[in-house]
Chemist: 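Sharing a structure here in structure tokens format.
Sequence lines set the chain letters: A, B, ... in the order given, protein chains first and strands last, and positions in each chain run from 1. Not measured: the values here are computed from a predicted model.
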Amino acid sequence: MLEIHRIREEKDQIIEALKVRNLDATAKIESILDMDTKWRSAKGELEAIAAESNKIAKEIGQLFAQGKQSEANAAKAKTQELKESEKELKETVNQLADSLQQLLYEIPNVPDPLVPSGKSDQDNEEVDKGGVIPNLGQHAESHWDLAKKYNLIDFEMGVKVTGAGFPFFIGQGARLQRALINYFLDQARDAGYTEFIPPFVVNEASGYGTGQLPDKEGQMYHCQIDDLYLIPTAEVPLTNMYRDVIVNEEDLPIKVTGYTPCFRREAGSYGKDVRGLNRLHQFDKVEIVRVEHPDNSYAALDEMVSYVKSLVENLGLPYRILRLCGGDLGFTSALTYDFEVFSAAQEKWLEVSSVSNFETFQANRLKLRFKDAENRKNLAHTLNGSALALPRIMAAILENNQTAEGIKVPEVLVKYTGFDMIR
RNA sequence: GGAGAAAUGGCAGAGUGGUCGAAUGCGGCAGUCUUGAAAACUGUUGUACCGCAAGGUACCGGGGGUUCGAAUCCCUCUUUCUCCGCCA
């Protein structure tokens, strides 16, 4: 959520910057400012009336104390009218505040100047790439065929027990998955991130805090009886730890990591993109989250990008790094880098990580602030990144590393799997 | 799940209808004293919003209500503790 002060002061720049998202926010911004003006003036009136009736109430108290009953009762009658208009005005003020809040929720984050314009993922800007795409020859098998051949993943069993998009991992498949989790967590720890195992369900306030609500209502699984949401990413619980928190400046940066399963309804996704491991309703991910000083957040973003790069390089996967264009940029993000790995049998690039700087957009909703040297409270910056999302990594490993003898396990994982070849 | 108790400022802890944004203690900050430190003493010390300012408003777990007036009374929700039941 953008800060209302900022909208007041930088209206034109914000409207201009939002055009990179192919969004003309002029009307919305205007009505926000209009609503804001009305709200402030109504609130001013309300407070004047409240001040008046507070004053009278105090006087009545004194009159009673002095035993002047009749005068006190006369004063009481005087407040009737005030009470009426106070009630009415309060209603108006609350309504204006609600509408203002609703409108503010609808404005996405202002893109960083680096964000290229563009309509879709076609227009994302490749900023880096590495690794070697293997030449598999004509007998290359897709990961879903390999998963069946080596009995690593059972998609049909998942359909039977739960539904499409909830596979079972089996034997060496399950162990490879667990190895990846442990490898990613150990790497994150070595990079200075503190490990957490957070709750896998969150309340509504947390959904609002990181911006999944109200924007992505319907993409999360919702347990209605308890009004709790299954997390779509560890970002939600990890970042919401800092909701309503004021940290000391010297405690920054805060660097945390956590492994969680992630649950996504993926309403509206059909077709070939959902084949095999490409898109699941439940998947595993290790996430890294940072709370940063505003002066430092872009350096932190770069650091996170090079950290994630080291992971895909260590796994020996061909990758490319994309700077998301305005059309593809997430609602809450100011600047996002996506990582894709090449899955050589499908001959497709698969997104495995998304690293973003949210600047104060989340912090404003979270009321996450830091206290500076002058004891002033300022909104902090939040960032997060996948490091990494597992299923597509597994897909790429299975496909790219297939040989006539079996599937080669990446060297860095061998000490975690306990085997170097899937046969 | 059942019965009971509780939730107050950074912490502890008073406050059961009026001058309470809230006693007191601890902690924090500033000063006096001291070669320095400690101790002692003095002062100061919540947050948010509106306003150029003066000032005003709101906040005693959340929401609603009664009242001229609520930390205090009523309703409701949440959380914590104690006991009982159930359970990995």
Chemist: First contact, last contact: which nucleotides of RNA chain B are these for chain A, 5' to 3', heavy-atom distance under 4.0 Å?
Modeler: B/G18 to B/G69

Chemist: Name the residue closer to the 5' end of RNA chain B, choosing between A/Ala50 and A/Lys377 according to the nucleotide with the nearest heavy atom.
Modeler: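 Nearest-nucleotide comparison on RNA chain B picks A/Lys377.
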
Chemist: Regarding A/Arg189 and A/Asp186, does a basic nitrogen lie under 4.0 Å from an acidic carboxylate oxygen?
Modeler: yes

Chemist: With nearest nucleotides of RNA chain B determined for A/Ala48 and A/Asp36 from heavy-atom distances, which residue corresponds to the more 5′ nucleotide?
Modeler: A/Asp36

Chemist: Taking the same atom, C1', in B/U76 and in B/U57, what whole-Å distance lies between them?
Modeler: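 Each nucleotide's C1' atom is 27 Å from the other's.
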
Chemist: When rounded to the nearest Å, what value does the distance between C1' atoms of B/A30 and B/C81 take?
Modeler: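 Each nucleotide's C1' atom is 41 Å from the other's.
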
Chemist: In whole Å, measure the gap between the C1' atoms of B/U45 and B/G61 for me.
Modeler: 24 Å

Chemist: Which part of the nucleic acid, if any, lies within reach of A/Ile56 when heavy atoms closer than 4.0 Å are counted: base, sugar-phosphate only, or nothing?
Modeler: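 The residue A/Ile56 makes no contact with any strand.
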
Chemist: If we ignore angles and hydrogens, is there a donor and acceptor under 3.5 Å between the side chains of A/Arg290 and A/Tyr193?
Modeler: yes

Chemist: Kindly say whether A/Ala188 contributes a backbone atom to a donor-acceptor pair with the side chain of A/Tyr307 at under 3.5 angstrom?
Modeler: yes

Chemist: Report the stems of RNA chain B as range-with-range entries sorted by first number; a stem here is at least three consecutive pairs, Watson-Crick or G-U wobble, both distances under 3.5 Å, and write none if there are none.
Modeler: B:1-7 with B:78-84, B:10-12 with B:24-26, B:27-32 with B:40-45, B:46-50 with B:55-59, B:61-65 with B:73-77

Chemist: Are the side chain of A/Arg392 and the backbone of A/Asn278 linked by a donor-acceptor contact shorter than 3.5 Å?
Modeler: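 Judged by distance alone, yes, a pair lies under 3.5 Å.
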
Chemist: Under 3.5 Å, is there a donor-acceptor pair between the side chain of A/Asn124 and the main chain of A/Leu324?
Modeler: no

Chemist: Could you give the distance separating B/G64 and B/A70 at their C1' atoms, to the nearest angstrom?
Modeler: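 About 14 Å, rounded to a whole number of Å.
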
Chemist: State whether the number of non-hydrogen atoms from other residues, nucleotides or ligands found under 6.0 Å of A/Glu81 atom CD is greater than 12.
Modeler: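 Atom CD in A/Glu81 is not crowded, with 12 or fewer foreign heavy atoms closer than 6.0 Å.
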
Chemist: Just wondering, more than 12 heavy atoms not from A/Met157 lying within 6.0 Å of its CE?
Modeler: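 No, not enclosed.
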
Chemist: What contact category does A/Ala51 fall into here, base, sugar-phosphate, or nothing, at under 4.0 angstrom with non-hydrogen atoms?
Modeler: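 Sugar-phosphate, no base atom in range.
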
Chemist: Base, sugar-phosphate alone, or nothing: which one does A/Arg376 contact when heavy atoms must sit under 4.0 Å apart?
Modeler: nothing

Chemist: Please measure how far the P atom in B/C74 lies from the corresponding atom in B/A7, and state the result in whole Å.
Modeler: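 Each nucleotide's P atom is 13 Å from the other's.
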
Chemist: Is any side-chain heavy atom of A/Ile153 closer than 4.5 Å to a side-chain heavy atom of A/Ile170?
Modeler: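 With C-beta onward as the side chain, the pair stays apart.
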
Chemist: Do A/Ile181 and A/Asp284 come close enough that some side-chain heavy atom pair is under 4.5 Å?
Modeler: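 When only atoms from C-beta onward are counted, A/Asp284 and A/Ile181 do touch, with a gap below 4.5 Å.
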
Chemist: Would you measure the distance from the P atom in B/U16 across to the matching atom in B/G55 and give it in whole Å?
Modeler: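 It works out to 32 Å between them.
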
Chemist: Quick one, A/His381 with A/Phe358, criterion ring-ring contact (aromatic ring centres under 6.0 Å, His included). Give me CA distance, side-chain angles, the key distance, then yes/no.
Modeler: CA-CA 7 Å; A/His381 282 194; A/Phe358 304 100; over 10 Å; no

Chemist: Would you say the side chain of A/Pro232 lies within less than 4.5 Å of the side chain of A/Cys262, judging by non-hydrogen atoms?
Modeler: no

Chemist: Between B/A12 and B/U67, how many Å separate the two C1' atoms, rounded to a whole number?
Modeler: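 Straight-line distance between the two C1' atoms is 33 Å.
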
Chemist: Taking the same atom, C1', in B/A88 and in B/U80, what whole-Å distance lies between them?
Modeler: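 Per the computed distance, 23 Å lies between those C1' atoms.
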
Chemist: Evaluate whether atom NZ of A/Lys415 has more than 12 neighbouring non-hydrogen atoms of other residues, nucleotides or ligands under 6.0 angstrom away.
Modeler: no

Chemist: Would you classify A/Asn73 as touching base, sugar-phosphate or nothing, given that sugar-phosphate means primed atoms plus P, OP1 and OP2, and contacts are heavy atoms under 4.0 Å?
Modeler: nothing

Chemist: Give me the residues of residues 82-103 of chain A where at least one heavy atom lies under 4.0 Å from an atom of RNA chain B, by number, or none.
Modeler: A/Lys83

